[in-house]
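Beneath this line is the structure, given in structure tokens, with notes to follow.
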Amino acid sequence: MNHHIQRLNDKLASAKPSATYKMIDRVAERRAAGHHITSLTAGEPDFDTPSHVREAAIAAIQAGHTRYTQVAGLRALREAVAVKFQRENGLDVGWQDTIVCSGGKQVLFNALTATLNTGDEVIIPAPYWVSYPEMVQLAGATSVIVPCREVDGFKLTPESLEAAITPRTRWLILNSPSNPTGAVYSAQELRALADVLLAHPQVLVLADDIYEHLVFDGAVFHTLAQVEPRLSERTLTMNGVSKAYAMTGWRIGFGTGPRWLLQAMETLQGQQTSGACSISQHAAVAALTGPKDFVQSTRAVFERRRNQVVSRINGIPGLHCARPGGAFYAYFSCEAIIGRYSASGTHLTTDEEIALALLNEADLAVVHGSAFGLGPYIRLAYAMDDASLAAAGDKLDAFFRSTHP
Ligand SMILES: Cc1ncc(COP(=O)(O)O)c(C=O)c1O
């Protein structure tokens with residue numbers, strides 16, 4: 001075998017495959033071997049896309065909307081996106097200030113790839129969504145990981161932001177509600193971060209608002225450019241239909257930001273995927289302009305599940321789960337378990353070993369916190385039906401109660 005032929009791009013060679021996808025592969029292997037696995041790993045709603053959205057897609061096919069669209073998206077969708085940003089986020093934008101991509105992920109990827117050079121730094125508060133550091137790495141830049149403690153609600157403080165900024169800082173990535181912790185930044189917290197950012201005009205901000213509609217306890221969602229409009233000239237506000245409208249497979253994300261940046265992202269996308277899927281774009285118009293009862297009712301379902309899951313976890317000796325304010329993840333500490341043995345005799349010395357033992361010995365799939373940059377924690381996605389969540393609770397309970405020193 002000529003190994004030279006397998007040489008990869010240096011940046012890709014050191015990129016890690018996502019820990020979540022790795023766990024999903026392991027689940028598939030265990031299921032193929034006949035095990036009945038409860039998987040709480042997936043970052044997607046368990047609901048179907050609302051029927052009026054599906055019908056809009058079918059109508060788009062029948063009407064022959066099957067050709068290439070403009071790279072930055074259909075005019076009708078960009079107008080709907082602009083209206084969404086105006087009404088829901090108070091941002092003063094027109095359709096020309098928007099871009100549509102193949103998923104929220106491509107918005108982020110385009111923005112980072114279009115702007116980063118070797119030596120540039122990107123501040124990423126931890127715990128973080130696994131893709132951020134990998135995207136930064138693929139763009140040839142350096143991640144500056146800022147740990148955010150549970151006592152601070154897993155949120156970036158103005159002091160730690162200030163300390164992380166250097167002359168090489170190009171971006172700060174803010175994700176609220178957060179994957180993996182469910183942390184939601186209040187308007188006051190964003191205000192305090194904005195005050196730091198105003199003093200550092202070289203820093204761009206990526207606001208990943210993909211879980212915007214999933215906030216609980218009557219809280220009101222805020223985004224940075226809304227709290228501090230002076231930052232809008234250097235903020236890319238990203239969102240999409242994936243989580244709010246249960247449309248993960250349709251691959252539609254969008255953003256608004258300064259035109260020079262949107263233009264660069266469009267140039268990049270024009271040489272890569274071109275415009276997002278035409279049918280999905282028509283479906284996204286229906287989602288954004290149609291009735292909002294689906295968003296409201298799923299939010300209520302997730303809040304009820306959050307309450308059940310968090311209280312179940314906190315009833316298990318050795319576990320501790322802070323109450324997440326949004327998204328559909330519980331991020332619980334397993335610090336008191338570290339060093340103990342499972343009933344089958346596995347020495348549990350890290351959160352990764354705990355997650356593996358849960359899969360192999362309790363048929364429950366979750367993701368270890370250190371994959372998101374802060375251990376020892378476990379992330380459990382509760383975007384799953386009640387019966388599965390109850391089964392997962394039983395499995396967690398039996399597994400942890402039977403650990404011993
Ligand atoms: C924090 C965060 N941002 C962005 C995305 C990407 O969303 P999309 O499916 O629209 O690409 C996800 C999906 O898991 C996410 O968790």
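Both counts, for ligands and for their atoms, begin at 1 and track the order of listing. Bear in mind that the values here come from a model prediction, so they are computed numbers and not experimental data.
Residue contact annotation: Arg251 has a non-hydrogen atom under 4.0 Å from ligand 1. Under the 4.0 angstrom criterion for non-hydrogen atoms, Thr248 is not in contact with ligand 1. Remark: distances from the non-hydrogen atoms of Phe328 to ligand 1 are all 4.0 Å or more.
Judged purely by distance below 3.5 Å, without hydrogens or angles, the side chains of Glu353 and His368 never pair a donor atom with an acceptor atom. A donor and an acceptor atom, one from each side chain of Asn89 and Glu212, are located under 3.5 Å apart. Judged purely by distance below 3.5 Å, without hydrogens or angles, the side chains of Asn117 and Arg170 never pair a donor atom with an acceptor atom. At a cut-off of 3.5 Å, with distance as the only test, a side-chain donor of Thr41 or Ser39 sits close to an acceptor on the other residue. Judged by distance alone, the side chains of Thr223 and Asp209 do bring a donor and an acceptor atom under 3.5 Å apart.
For ligand 1, the atoms sitting less than 4.0 Å from at least one non-hydrogen atom of Tyr211 are 1 (C), 14 (O), 15 (C), 16 (O), numbered in the order shown with element in parentheses. Those atoms of ligand 1 that come under 4.0 Å of a heavy atom in Tyr132, given as number and element, are 1 (C). Within the listing of ligand 1, atoms 8 (P), 10 (O), 11 (O) sit less than 4.0 angstrom from a heavy atom of Gly104. Of all atoms in ligand 1, listed by their number and element, those nearer than 4.0 Å to a heavy atom of Gly103 are 10 (O), 11 (O). Each of the following atoms of ligand 1 lies closer than 4.0 Å to a heavy atom of Asn179: 1 (C), 16 (O). Those atoms of ligand 1 that come under 4.0 Å of a heavy atom in Asn175, given as number and element, are 1 (C). Residue contact check: Ser242 has heavy atoms under 4.0 Å from atoms 8 (P), 9 (O), 10 (O) of ligand 1. Residue contact check: Lys105 has heavy atoms under 4.0 Å from atoms 6 (C), 8 (P), 11 (O) of ligand 1.
Ring planes of Phe294 and Phe47: perpendicular class, angle over 60° (limits at 30 and 60°). Relative ring orientation between Tyr377 and Tyr331 is described as parallel, the plane-to-plane angle staying below 30° on a 0-90° scale split at 30° and 60°.
With respect to atom 13 (C) of ligand 1, the closest heavy atom belonging to the protein is Lys243 NZ, 2.8 Å. Given atom 5 (C) of ligand 1, the protein heavy atom at minimum distance is Trp129 CH2, 3.4 Å. Protein heavy atom at the shortest distance from atom 7 (O) of ligand 1 is Ile210 CD1, 4.0 Å. In terms of protein heavy-atom proximity, atom 2 (C) of ligand 1 is closest to Asp208 OD2, 3.4 Å.
Contact check on Asp363 versus Lys395 returns no salt bridge, with no Lys/Arg side-chain nitrogen under 4.0 Å from an Asp/Glu carboxylate oxygen.
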Steps toward side-chain hydrogen bond (donor to acceptor under 3.5 Å, both in side chains) verdict (Ser333, Glu150): CA-CA 9 Å; Ser333 168; Glu150 185 177 331; 5.3 Å; no

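Proximity of the aromatic rings of Tyr211 and Tyr329 is defined here by a centroid distance below 6.0 angstrom, and this criterion is met.
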